[in-house]
Q: 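Quick one: the structure is below, questions incoming.
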Amino acid sequence: MKIKKKRIDLALQGGGSHGAFTWGVLDRLLEEESLEIAGVSGTSAGAMNAAVMASGYANGSNAGARDALQRFWKEVSDGARFSPFKRTFVDMMVGRWSLDQNPSFQVAELIGRIISPYDMPGDIPNPLKAILEKTIDFEALRSGTMKVFVTATNVRTGRGKLFRNKDIHPDVLMASACLPTLFKSVVIDGEAYWDGGYSGNPSLTPLIRECDSMDTLIVQLNPIERPGIPTRSNEILSRLNEIAFNSVLQQELRMMALLRNATTTDDGEGGLWGAQRVHLISSELMLDLGYSSKLNAEWDFLCMLRDDGRRCAEQFLAQHNADIGLRSTLDFDLILQGMDQ
C-alpha cells in the first residue's frame with residue numbers, strides 16, 4: 001500500500017560545526033517514508049545543510065540527500081585536519097569538546113577584538129568555499145523541486161536578504177556564514193553581506209508565504225534559555241552569541257503566537273501565520289557546548305553531534321509524528337508567557 005506523505009518544511013539554525021546535529025536530524029527525517037520535505041529555510045551552517053540536502057535530493061531522492069550530507073560533513077572534517085583550532089591534550093583527557101583552552105583560539109579571539117579583517121593584507125581564504133563547490137551540484141539545486149531559502153545580512157541596511165534556489169551559488173552560502181570578526185564581508189551584486197544569523201536564524205517568513213506545507217519543523221542549535229549567570233569571559237561571549245542569534249527567530253515565534261490568538265479562519269497573512277503548525281527539535285547537549293566548540297571540526301565530534309541529532313529526531317517522531325498535519329507541538333502559550341511585560 002502506498003503511504004500518503006505528509007508535507008513539511010524545515011527551518012535550520014546556524015551554529016558552525018554544531019550544524020552536524022542538524023545533519024543527524026535530517027538523516028533520520030529522510031528515512032521516514034511518511035514525510036516529504038517541501039522547503040527548507042537555513043542560515044549559515046543551516047543554509048549549507050539545506051543546499052547540500054536539496055542538491056542530493058535532486059540527484060537521488062532521499063537516499064541521494066543522505067549521501068550528500070555524509071560527504072559534505074566528512075569533507076568539512078578532512079579540510080580541518082591541519083586547522084590550528086583543535087582541543088588540547090587536557091581537553092581530550094577529560095572528554096571536553098570546547099576549544100577555550102586552545103592557544104590559537106585565544107589569540108584569534110583577542111586579535112578579532114583589536115584588528116579588523118580589513119587590516120590584514122589580502123583576503124583570508126575560507127576553505128569552506130572549495131568544499132561547497134566540491135559537494136554541491138548547484139545546477140541541480142537551482143532546478144530542483146525542494147525549495148531552499150538562504151538568509152544573509154545586508155551590511156549596509158542591516159536587513160536580511162533572502163536568496164532562493166535560482167540565486168544560490170557558493171558565495172551566497174559563504175555570505176550566510178560570514179562572521180565579520182574573522183572574514184571580510186562577501187560582496188554579491190555590489191552589496192556586502194555578513195552572517196544571516198543577525199537578521200534571521202533562520203527566517204520563517206518564506207516558508208509560510210511560499211510553501212504549501214502547513215507544518216514547519218525548527219531544528220534549534222542555539223539554546224534560548226540557559227541556567228545560571230555567566231561570569232567568565234568565555235561564558236559571557238558564548239551567551240551573547242546565543243542571544244544575538246536567537247533574537248529574530250524569537251520575534252517571529254512571538255508574532256505567530258499573538259496572531260494565533262487574534263485570528264482563526266482569516267485567509268489573509270495573519271491567518272496564514274496563525275494557522276501554521278510549528279514543531280521543534282532541540283537537544284540538551286547544546287547546554288554543555290560553548291561558542292568555541294562551533295569551530296571544532298573533529299570527525300568524532302561531528303559524529304557525536306550527528307548521532308545525537310538522529311536520537312532527538314527519533315524521539316520527536318515517536319512522540320509527535322501523528323501530530324504532524326493536525327496540530328502544533330510547540331507550546332505557543334509558553335512563548336507568550338515568556339514575553340516581557
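Every value quoted in this text rests on a predicted model; they were computed, and no experiment measured them.
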Q: If you measure from CG on N201 to CG on D195, what distance do you get to the nearest 0.5 Å?
A: 7.0 Å
Q: Are I236 and T231 packed together at the side-chain level, in the sense that at least one heavy-atom pair is separated by less than 4.5 angstrom?
A: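 They are not in side-chain contact.
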Q: Any salt bridge linking E32 with R28? Criterion: basic side-chain nitrogen under 4.0 Å from a carboxylate oxygen.
A: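 R28 and E32: salt-bridged.
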Q: If we ignore hydrogens and angles and just use 3.5 Å, is the side chain of N222 paired with the main-chain N or O of G14 as donor and acceptor?
A: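 It does hold such a pair.
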Q: Please report the shortest heavy-atom distance between P170 and L132, naming the atom on each side.
A: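 Residues P170 and L132, closest heavy atoms: O-CD1, 4.3 Å.
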Q: Go through the steps to decide whether Y118 and S185 satisfy the test side-chain hydrogen bond (donor to acceptor under 3.5 Å, both in side chains), and finish with yes or no.
A: CA-CA 9 Å; Y118 293 89; S185 60; 2.9 Å; yes
Q: Side-chain heavy atoms nearer than 4.5 Å, only ILVMFWY residues, links allowed to pass through others: does that put L326 and I8 together?
A: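 No, no single cluster joins them.
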Q: State, with a plain yes or no, whether a side-chain heavy atom of C178 is found less than 4.5 Å away from one of F183.
A: yes
Q: Closest heavy-atom contact between S77 and A297?
A: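 Closest approach of S77 to A297: OG-O, 3.1 Å.
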Q: Group every Ile, Leu, Val, Met, Phe, Trp and Tyr by side-chain heavy-atom contacts under 4.5 Å, then state whether W23 and L35 land in the same group.
A: yes
Q: Do L29 and N62 come within less than 4.5 Å of each other through their side chains, counting heavy atoms only?
A: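 Of all side-chain heavy-atom pairs linking N62 with L29, none is under 4.5 Å.
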Q: State, with a plain yes or no, whether a side-chain heavy atom of T22 is found less than 4.5 Å away from one of L221.
A: yes
Q: Quick one: side chains of residues 283-291, donor-acceptor pairs under 3.5 Å with protein atoms, not counting sequence neighbours, listed by atom name and distance.
A:
residue : atom : partner : partner atom : Å
S283    : OG   : L285    : N            : 3.0
S283    : OG   : D308    : OD2          : 2.5

Q: May I ask you to check whether over 12 heavy atoms, not counting those of K5, lie within 6.0 Å of atom NZ?
A: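 Count over threshold, so yes.
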Q: Hydrophobic cluster membership, with links at side-chain heavy-atom distances under 4.5 Å among I/L/V/M/F/W/Y: are W97 and L295 in one?
A: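 Each belongs to a different hydrophobic cluster.
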Q: Is the ring pair H18/F301 parallel, tilted or perpendicular, if the boundaries are 30 and 60 degrees?
A: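 If you compare the ring of H18 with that of F301, the planes turn out perpendicular.
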Q: Has W73 got more than 12 heavy atoms of other residues, nucleotides or ligands less than 6.0 Å from its CH2?
A: yes
Q: Output yes when a side-chain donor or acceptor of S61 lies under 3.5 Å from a complementary backbone atom of Y57, and no otherwise.
A: no
Q: Find out whether V52 and R71 are in side-chain contact, i.e. whether some heavy atom of one side chain is under 4.5 Å from a heavy atom of the other.
A: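 Not in contact.
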Q: Would E133 and K129 count as a side-chain contact (heavy atoms from CB on, under 4.5 Å) if you check the C-alpha gap in whole Å, the side-chain angles of each, and the deciding distance to 0.1 Å?
A: CA-CA 6 Å; E133 292 172 339; K129 185 173 182 179; 3.6 Å; yes
Q: Give a yes or no on whether a salt bridge exists between E31 and R66, defined as a side-chain N under 4.0 angstrom from a carboxylate O.
A: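 Yes, this pair counts.
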Q: Supply the atom-to-atom distance L330 CG to L217 CG, rounded to the nearest 0.5 angstrom.
A: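 Atom-to-atom, L330:CG and L217:CG are 10.0 Å apart.
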Q: Please check this pair: side chain of S17 against backbone of N296, looking for a donor-acceptor N/O pair closer than 3.5 Å.
A: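 Confirmed, S17 side chain pairs with N296 backbone.
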Q: Would you say M53 and V172 are hydrophobically clustered, going by side-chain heavy atoms of ILVMFWY under 4.5 Å?
A: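 The answer is yes; both residues are in one hydrophobic cluster.
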Q: Where the side chain of T135 meets the backbone of F72, is there a donor-acceptor pair that is under 3.5 Å apart?
A: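 No; zero donor-acceptor contacts below 3.5 Å.
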Q: Inspect the contact between R311 and D307 and indicate whether a charged nitrogen and a carboxylate oxygen are less than 4.0 angstrom apart.
A: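 The answer is no: the pair does not qualify as a salt bridge.
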Q: Nearest 0.5 Å, what's the OG-CG distance between S213 and D9?
A: 4.0 Å
Q: For atom CG of D189, is the number of surrounding heavy atoms from other residues, nucleotides or ligands below 6.0 Å larger than 12?
A: no
Q: So, the side chain of N49 versus the backbone of G19: is there a donor-acceptor pair under 3.5 Å, distance only?
A: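 Yes, the answer is positive, given that a donor and an acceptor are paired below the 3.5 Å cut-off.
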Q: Would you call E210-R164 a salt bridge at under 4.0 Å N-O?
A: yes
Q: Would you compute the distance between atom CG of L26 and atom CG of L10 and round it to the nearest 0.5 angstrom?
A: 6.5 Å
Q: Given the side-chain rings of F163 and Y193, with only the six-membered ring counted for Trp, is the space between their centroids under 6.0 Å?
A: yes
Q: Give me the one residue out of R277, K6, R327, R7 that meets side chain to side chain donor-acceptor pair (under 3.5 Å) with D215.
A: R277
Q: Report yes if the side chains of R310 and E314 come closer than 4.5 Å at any heavy-atom pair, otherwise no.
A: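 Heavy-atom side-chain distance check fails, nothing below 4.5 Å.
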Q: For Q220, does its backbone N or O pair with a side-chain atom of Q13 as donor and acceptor, under 3.5 Å?
A: no
Q: Judged by atom type as modelled, is there a donor-acceptor pair below 3.5 Å linking the side chain of N154 to the main-chain atoms of G160?
A: no
Q: Please report the closest heavy-atom contact between N165 and G144, naming both atoms and the distance.
A: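 So the two residues come closest at ND2-O, 4.4 Å.
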Q: Can I168 and V148 be said to form a side-chain contact (heavy atoms from CB on, under 4.5 Å), step by step?
A: CA-CA 9 Å; I168 298 174; V148 178; 3.7 Å; yes
Q: Decide salt bridge (Lys or Arg N to Asp or Glu O under 4.0 Å) for K74 and D78; before the verdict, give the C-alpha distance in whole Å, the side-chain angles of both, and the deciding distance to 0.1 Å.
A: CA-CA 6 Å; K74 188 62 170 67; D78 289 346; 2.8 Å; yes
Q: Please tell me whether M48 and L162 are part of a single hydrophobic cluster in this structure, the criterion being side-chain heavy atoms less than 4.5 Å apart.
A: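 No, separate clusters.
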Q: Would you find a donor on one side and an acceptor on the other, under 3.5 Å apart, between the side chain of E252 and the backbone of L204?
A: yes
Q: Locate the shortest heavy-atom distance separating S203 from S41; write the atom from each residue and the value.
A: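 Distance-wise, the nearest heavy atoms are O-OG, 2.7 Å.
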Q: Closer than 3.5 angstrom, by distance alone: can the side chain of S98 be matched with the main-chain N or O of S292 as a donor-acceptor pair?
A: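 No: the side chain of S98 does not pair with the backbone of S292.
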Q: Examine distances only and state if a side-chain atom of S44 and a backbone atom of G46 form a donor-acceptor pair shorter than 3.5 Å.
A: no
Q: Check whether F149 forms a cation-pi arrangement with K147 (NZ or CZ under 6.0 Å from the six-membered ring centre, at most 45° off the ring normal).
A: no
Q: Can you find a pair of side-chain heavy atoms, one from S199 and one from T151, that are under 4.5 Å apart?
A: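 S199 vs T151: side chains touch.
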Q: For the atom pair CH2 (W194) and OG (S176), what is the distance rounded to the nearest 0.5 Å?
A: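 Going from the CH2 atom of W194 to the OG atom of S176 covers 15.0 Å.
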Q: Ignoring hydrogens, what is the shortest heavy-atom contact between T43 and G197? Give both atom names and the distance.
A: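 Smallest interatomic distance, heavy atoms only, reads CG2-N, 3.2 Å.
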Q: side-chain hydrogen bond (donor to acceptor under 3.5 Å, both in side chains), that's the test. Do H279 and T329 meet it? Break it down for me.
A: CA-CA 5 Å; H279 316 275; T329 57; 2.8 Å; yes
Q: How close do D212 and A38 get, heavy atom to heavy atom, and via which atoms?
A: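 D212 and A38 have their closest heavy atoms at OD1-CB, 4.1 Å.
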Q: Between F316 and N321, is any pair of side-chain heavy atoms under 4.5 Å apart?
A: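 No, their side chains stay 4.5 Å or more apart.
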Q: Quick one: CG on L173 to CG on L128, what's the gap to the nearest 0.5 Å?
A: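 The distance works out to 10.0 Å.
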